Amino acid sequence: MASKVLHSKGRDTFGVGIATTEKADGCILANVIKQFTTKSGGIIPAEAAEHHVDVCDMAIAEALAAAKIAMRDIDIVSFSQGPGIGHCLRIGAAAARTLSIVHKKPLVGVNHCISHLEIGKLLTDAKDPVLLYVSGANTQVIAFEAGKYRIFGETLDMGVGNMIDQFARQIGIGFPGGPQIMKLAAAGKNYIELPYVVKGMDVSFGGILTNIIRKFESGNKGTAAPLSTPNYRKEDLCYSLQETVFAMLVEVAERAMAHTGKNELLLGGGVACNTRLQEMCRVMCEERGAKLFVPERQFLVDNGAMISWLGILEYLKGTRTAVEKSAILPYWRTDEV
Ligand code: FE2
């Protein structure tokens with residue numbers, strides 16, 4: 001079975017993946033990713049949606065070419081129904097509905113967050129992991145427990161990637177900011193204390209963002225800061241930001257592992273591409289005799305392949321999404337699936 005997917009993620013990526021259960025040497029036949037980027041400044045949802053419209057046809061054609069199949073070979077069409085930013089989800093949903101109607105293929109709407117967990121299980125040796133899902137829009141610790149997907153910890157305000165991107169914008173680097181922040185952090189030497197905000201199993205980033213922006217501005221604009229304010233280096237701020245927020249994420253992930261008795265940690269989401277976060281997770285897992293699984297980059301970031309694969313799993317369980325019930329669900333929670 002091949003599942004064609006139109007996947008419009010919450011913010012910045014339009015992807016088309018093709019998956020199958022029939023190939024012994026790999027279930028992912030295509031994974032085309034078109035990412036919206038800026039040279040400076042952040043992301044504006046309406047502009048990202050325009051980008052998605054522009055690349056839609058091209059992405060579908062490229063995916064079919066990569067898989068060496070035609071639309072008639074596709075059995076089902078799945079799409080990310082939520083969560084995410086409405087502007088962007090709407091484009092993927094509209095394209096999927098169109099393909100479904102024109103080519104008379106069943107439509108399956110899937111949950112974006114759970115697709116990160118299931119693609120990780122497909123492509124690594126993880127059997128029953130705790131997923132640390134860290135992206136721009138989302139920050140969740142998820143696992144399948146007692147018959148359903150559950151959230152064991154999450155952000156109380158913004159996603160960690162969104163917070164990093166907002167700081168990146170403040171210091172004048174483009175979108176996405178994560179890779180640049182990682183480079184600057186590698187040149188940081190001095191740890192500057194930032195708020196460490198873990199509340200029970202949850203985390204919060206808003207206060208940290210405000211605090212680090214104030215520190216940056218005090219060192220670079222000077223006017224609002226008292227004369228005694230130290231001149232913080234950009235590199236040290238990036239280093240301190242990473243060390244602080246990644247320690248928070250590792251702490252809640254570890255607690256979820258202890259609570260569920262699971263000994264596998266899987267990473268997902270664009271922020272999981274950060275090698276410092278991977279290193280900190282690896283150390284934590286080694287210390288508790290657990291295994292860490294990190295899918296390759298194209299399957300960590302938002303991608304059509306994961307929506308495609310979860311579409312197949314849902315279809316095999318009997319899920320069908322009628323066109324009239326295929327409205328996007330921007331606030332669809334993992335534990336409502
Ligand atoms: Fe995602």
Side-chain angles (χ1 to χ4, degrees), residues 5-17 19 28 31-37 43 45 48-49 51-52 59 78-93 109-124 129-143 149 151 153-155 158-165 175-179 203 205 249 253 266-274 277-278 293-311 313-314 328-337:
V5 169
L6 283 155
H7 160 241
S8 170
K9 183 255 179 178
R11 298 198 312 168
D12 53 0
T13 305
F14 188 89
V16 179
I28 304 302
N31 189 32
V32 174
I33 296 171
K34 304 285 185 192
Q35 199 192 11
F36 176 73
T37 58
I43 184 170
H51 158 268
H52 292 0
S78 53
F79 70 102
S80 171
Q81 202 163 1
I85 291 176
H87 285 76
C88 302
L89 287 171
R90 221 164 267 130
I91 308 302
V110 304
N111 181 284
H112 176 106
C113 304
I114 291 172
S115 70
H116 278 287
L117 179 63
E118 293 301 334
I119 195 76
K121 281 165 64 184
L122 172 71
L123 298 174
T124 70
V130 166
L131 171 72
L132 174 58
Y133 171 33
V134 280
S135 71
N138 297 296
T139 299
Q140 293 182 346
V141 179
I142 304 168
Y149 295 102
I151 300 172
E154 63 188 315
T155 179
M158 62 186 69
V160 61
N162 190 0
M163 188 271 286
I164 290 172
D165 285 337
F175 173 86
V203 290
F205 301 111
L249 296 170
L266 173 68
L267 298 187
V271 180
C273 298
N274 187 300
L277 176 61
Q278 293 176 7
F293 297 95
V294 186
E296 67 174 279
R297 189 184 185 285
Q298 64 166 319
F299 301 111
L300 273 178
V301 298
D302 289 338
N303 62 88
M306 67 184 190
I307 305 297
S308 176
W309 180 243
L310 183 56
L313 299 181
E314 290 278 6
I328 56 162
L329 305 168
Y331 302 103
W332 195 9
R333 283 181 61 80
T334 304
D335 44 15
E336 288 169 356
V337 176

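Worth knowing before you read on, the calculation uses all heavy atoms, side chains too, and leaves out hydrogens, waters and symmetry mates. All residue numbers in this chain count up from 1 along the given sequence. In each ligand, atom 1 is the first atom listed, and ligand 1 is the first ligand listed. These numbers were taken from a predicted model, which means no experiment stands behind them.
The Fe ion (ligand 1) lies under 2.8 Å from an N, O or S atom belonging to H116. Coordination check, Y133 versus the Fe ion (ligand 1): passed, since an N/O/S atom of the residue sits under 2.8 Å.
Side-chain contact annotation: N138 with H112, donor-acceptor N/O pair under 3.5 Å absent.
Our summary of the site lists the angle at the Fe ion (ligand 1) between NE2 of H112 and OD1 of D302 as 90°, to the nearest 10 degrees.
For the pair K121 and E118, the salt-bridge criterion is met [side-chain N within less than 4.0 Å of a carboxylate O].
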For V134 and L249, run side-chain contact (heavy atoms from CB on, under 4.5 Å): C-alpha distance rounded to whole Å, both residues' side-chain angles, the deciding distance at 0.1 Å, then the answer. CA-CA 9 Å; V134 280; L249 296 170; 3.7 Å; yes
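Of the inter-residue distances, the one linking I164 atom CD1 with F205 atom CZ reads 8.0 Å to the nearest 0.5 angstrom.
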